[in-house]
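A short worksheet on the structure shown next.
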Amino acid sequence: MRLYSTLSRRKEELPQPPGPIGIYTCGPTVYQRIHIGNARPFVLSMWLRAWLRHQGYDVTLVENITDINDKIYLAAPGASGELAARATEWHREDTDRLGLGRPDFEPRATETIPEIIALIEELVRDGYAYPAGGDVYFRVGRYPAYGALSGQRPDQVQEQEDEANPLKEDPRDFALWKANKPGEDTWWESPWGRGRPGWHIECSAMAEKFLGDPFEVHIAGLDLVFPHNENEFAQSRAAGREFARIWMHNGMLELTGEKMSKSLGNIAALRDVVEQWGRETVLLYFLTAHWRKPIDFSDETMAQAAAQVETLRNAFRGEDLAGGDWAPFAAALEDDFDTPAALAVMHEWRRAGRLAPLRDALAIFGLGSLAEEQPPPPELVELARRRQAAREADDFAEADRLRAEIETAGWEVRDEPGGFRLVPR
């Protein structure tokens, strides 16, 4: 299997099954409900794990929870810990709505403090980091390969947001540890005083703790390439770790051509989208675009996805013909996990009535429910009973009226010896 890596700018081969394969996904910073765009790396990582396991790989998937961050302090002064705990549960609740299961590990930064401090101590010892007034900074100038992941030229890197400090040796240096400030209600003791970790060092420590070094795949949104992922990569490599071999950066969701983000105020909460359209439509929507490409989010694109969902579901109400070549489907996913190409193969099976491979393919993407027989709603069962009673009473006009009402609701009533059966139309 080949996956495109931001680091090498080419498709990289995974080892042969069973691997093992470690996948690390940059998870949420927990201070509010996640939006539909935040769900894309979660969905990608869950699908990739499902496919690799189907192919015989031993896969471990880790998605972190960033529950220490400046954004959390700003959102809940004096109560950041309570908000982070609550928002962590929101994240689980909202992603559970997608029906894809959970990552194998979901570590929180607050649970990884000893490993974070130990990693910072290594970097200080080896001259890649230095204390400055209770903070600790990474020496960008000491690591000449800085910029390898993002393509940034080290001599053109500007001071990073929220990193200004007159005690820094170089404006480009970024924080590994931050001294406790007034209003910050969570802190830990460290060799440099009371404080808390910077954002980037958290991921390096959590990935190594749960996946070891090296591991195969790092997944994140394209907006995290710089500075977050670049800083992860630099500090881990400086500490002597190979870290991630393949870096997968998914494209962003766009709303009328503009990136969806909290700062722009154009977000659509995941739970609201799932409630409006249903989880199957949300998953089908993500299938329609290659993971590396941007994807447009609108009522129109969601309606198109909903129509495809119904088309696929309807296939299982027809005749199931034997056969169906699995190879084109597998080839699409083996070549950079091309879900639009895989979806096209699934529609070919649908049109040909090859339901066995279609059922298996849908299950990989969490859409196995489309192949399940639907129980009729209780109110339609009652209408069918009334229709049967009308027929027995020779009231055929009423029986026909009730049949039409059932059909309007999307079901067909079929008379059978001793009763009836309701079938989705």
If we only count heavy atoms from C-beta on, is the [X] to [Y] side-chain gap below 4.5 Å?
| X | Y | answer |
| --- | --- | --- |
| Phe243 | Pro214 | no |
| Glu412 | Ile406 | no |
| Phe316 | Arg359 | yes |
| Thr95 | Ile34 | yes |

Between [X] and [Y] (salt bridge meaning N to carboxylate O under 4.0 Å), is one present in this structure?
| X | Y | answer |
| --- | --- | --- |
| Arg196 | Asp185 | no |
| Glu93 | Arg33 | yes |
| Arg2 | Asp336 | no |
| Glu169 | Arg139 | yes |
| Glu12 | Arg10 | yes |
| Glu122 | Arg241 | yes |

- Query: Between Trp177 and Tyr137, is the gap from one ring center to the other below 6.0 Å?
  - Reply: no
- Verify whether the ring centers belonging to His54 and Trp326 lie closer than 6.0 Å. yes
- Results of ring pair (Phe, Tyr, Trp, His ring centres under 6.0 Å) for Trp199 - residues two or more places apart only: His228
More than 12 foreign heavy atoms under 6.0 Å from [atom1] of [X]: is that the case here?
| X | atom1 | answer |
| --- | --- | --- |
| Glu379 | CD | yes |
| Lys71 | NZ | no |
| Lys181 | NZ | yes |
| Glu275 | CD | no |

- Message: For the backbone of Asp58 and the side chain of Arg53, can you confirm whether one donor and one acceptor N or O come within less than 3.5 Å of each other?
- Response: no
- Message: Evaluate Trp349 against Phe329 for ring-ring contact (aromatic ring centres under 6.0 Å, His included), listing each step before the verdict.
- Response: CA-CA 10 Å; Trp349 290 331; Phe329 176 81; 5.6 Å; yes
- Query: Parallel, tilted or perpendicular: which describes the rings of Phe215 and Tyr24, with under 30° parallel and over 60° perpendicular?
  - Reply: tilted
